[in-house]
Amino acid sequence: MRVFVYNLMFNKMGAVVRACRAIGAEIVNIDNEDIHKSIEHLVDSSKTAKPGMDCDENISELLIFDGFNSDNLDDFLDSYKGTQAPPVAFKAMVTPVNLKWSPAYLYSHLKSEMGI
């Protein structure tokens, strides 16, 4: 299990670290140069980098969960909530559909789903 993290403020990052430790998940930071590469590339860094579906979004914050089932995700979210840190608005699980997307495109998709 891995949690890919982009652009979290210090208190939220600390809460993610604690929640990941509680469930045995690894944290992977998404670098600025990787924000427009496919999620598939991030998940399997042995693959050659490919551009993902892209957009011109200014990304505020993002969590992407890889290798989680619904119980793992519930445990993570419960641990995170227990830290009293503010919620992270934009989060998603890796799916066969979004593997070809870039984190930037995923973020824009999440925003549109939320009506923002």
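Predicted, not measured: the structure shown is a model, and the values here were computed from it.
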(request) For Y80, check ring-ring contact (aromatic ring centres under 6.0 Å, His included) against everything at least two apart and list the hits. (result) none

(request) Say whether M114 and Y107 are linked into one hydrophobic cluster, either directly or through other cluster members, by side-chain heavy-atom distances under 4.5 angstrom. (result) yes

(message) Tell me which one of V94, L42, D44 satisfies side chain to side chain contact (heavy atoms under 4.5 Å, CB included) with L99.
(response) V94

Return a table of donor-acceptor pairs under 3.5 angstrom between the side chains of residues 4-22 and protein atoms on other chains or two or more places apart.
residue, atom, partner, partner atom, Å
Y6, OH, N32, OD1, 2.7
N7, ND2, I59, O, 3.2
N7, ND2, S60, O, 2.6
K12, NZ, E61, OE1, 2.9
K12, NZ, E61, OE2, 3.0
K12, NZ, P87, O, 3.2
R18, NE, G14, O, 3.4

(request) For residues S102 and I39, determine if any side-chain heavy atom of one lies less than 4.5 Å from a side-chain heavy atom of the other. (result) no

(request) Mind checking the NZ-CG spacing from K111 to L106? Nearest 0.5 Å is all I need. (result) 12.5 Å

(message) Is there a continuous path of hydrophobic side-chain contacts, each under 4.5 Å between heavy atoms, that joins V28 to V3?
(response) no

(message) Let me confirm one number: the OG-CG distance from S38 to N98, rounded to the nearest 0.5 Å.
(response) 10.5 Å

(request) Kindly write out the residues that satisfy side chain to side chain donor-acceptor pair (under 3.5 Å) with E26, not counting sequence neighbours, or none if the list is empty. (result) none

(message) Any carboxylate oxygen within less than 4.0 angstrom of a Lys/Arg side-chain nitrogen, looking at K81 and D78?
(response) no

(request) Kindly compute the distance separating CG (D31) from NZ (K37), expressed to the nearest 0.5 Å. (result) 8.5 Å

(request) Taking the side chain as every heavy atom from C-beta outward, state whether L77 and K91 have any atom pair closer than 4.5 Å. (result) yes

(request) List the steps and the verdict of side-chain contact (heavy atoms from CB on, under 4.5 Å) for L110 and I116. (result) CA-CA 9 Å; L110 292 171; I116 298 174; over 6 Å; no

(request) Determine whether L73 and V43 fall in the same hydrophobic cluster, where Ile, Leu, Val, Met, Phe, Trp and Tyr are linked whenever their side-chain heavy atoms lie under 4.5 Å apart. (result) no

(message) Using 0.5 Å steps for rounding, measure from the CD1 atom of I35 to the OH atom of Y105.
(response) 15.0 Å

(message) Taking F90 as the starting point, is it possible to reach V97 by hopping between hydrophobic residues whose side chains are less than 4.5 Å apart?
(response) yes

(request) Could you pull out all residues at least two apart from Q84 that satisfy side chain to side chain donor-acceptor pair (under 3.5 Å)? (result) none

What side-chain donor-acceptor pairs closer than 3.5 Å can you find for residues 64-71, not counting sequence neighbours?
residue, atom, partner, partner atom, Å
D66, OD2, R2, NE, 3.4
D66, OD2, R2, NH2, 2.8
N69, OD1, D71, N, 3.0
N69, OD1, N72, N, 2.7
N69, ND2, N72, OD1, 3.3

(message) Under the rule for salt bridge (charged side-chain N to carboxylate O under 4.0 Å, His left out), what residues qualify as partners of D75, not counting sequence neighbours?
(response) none

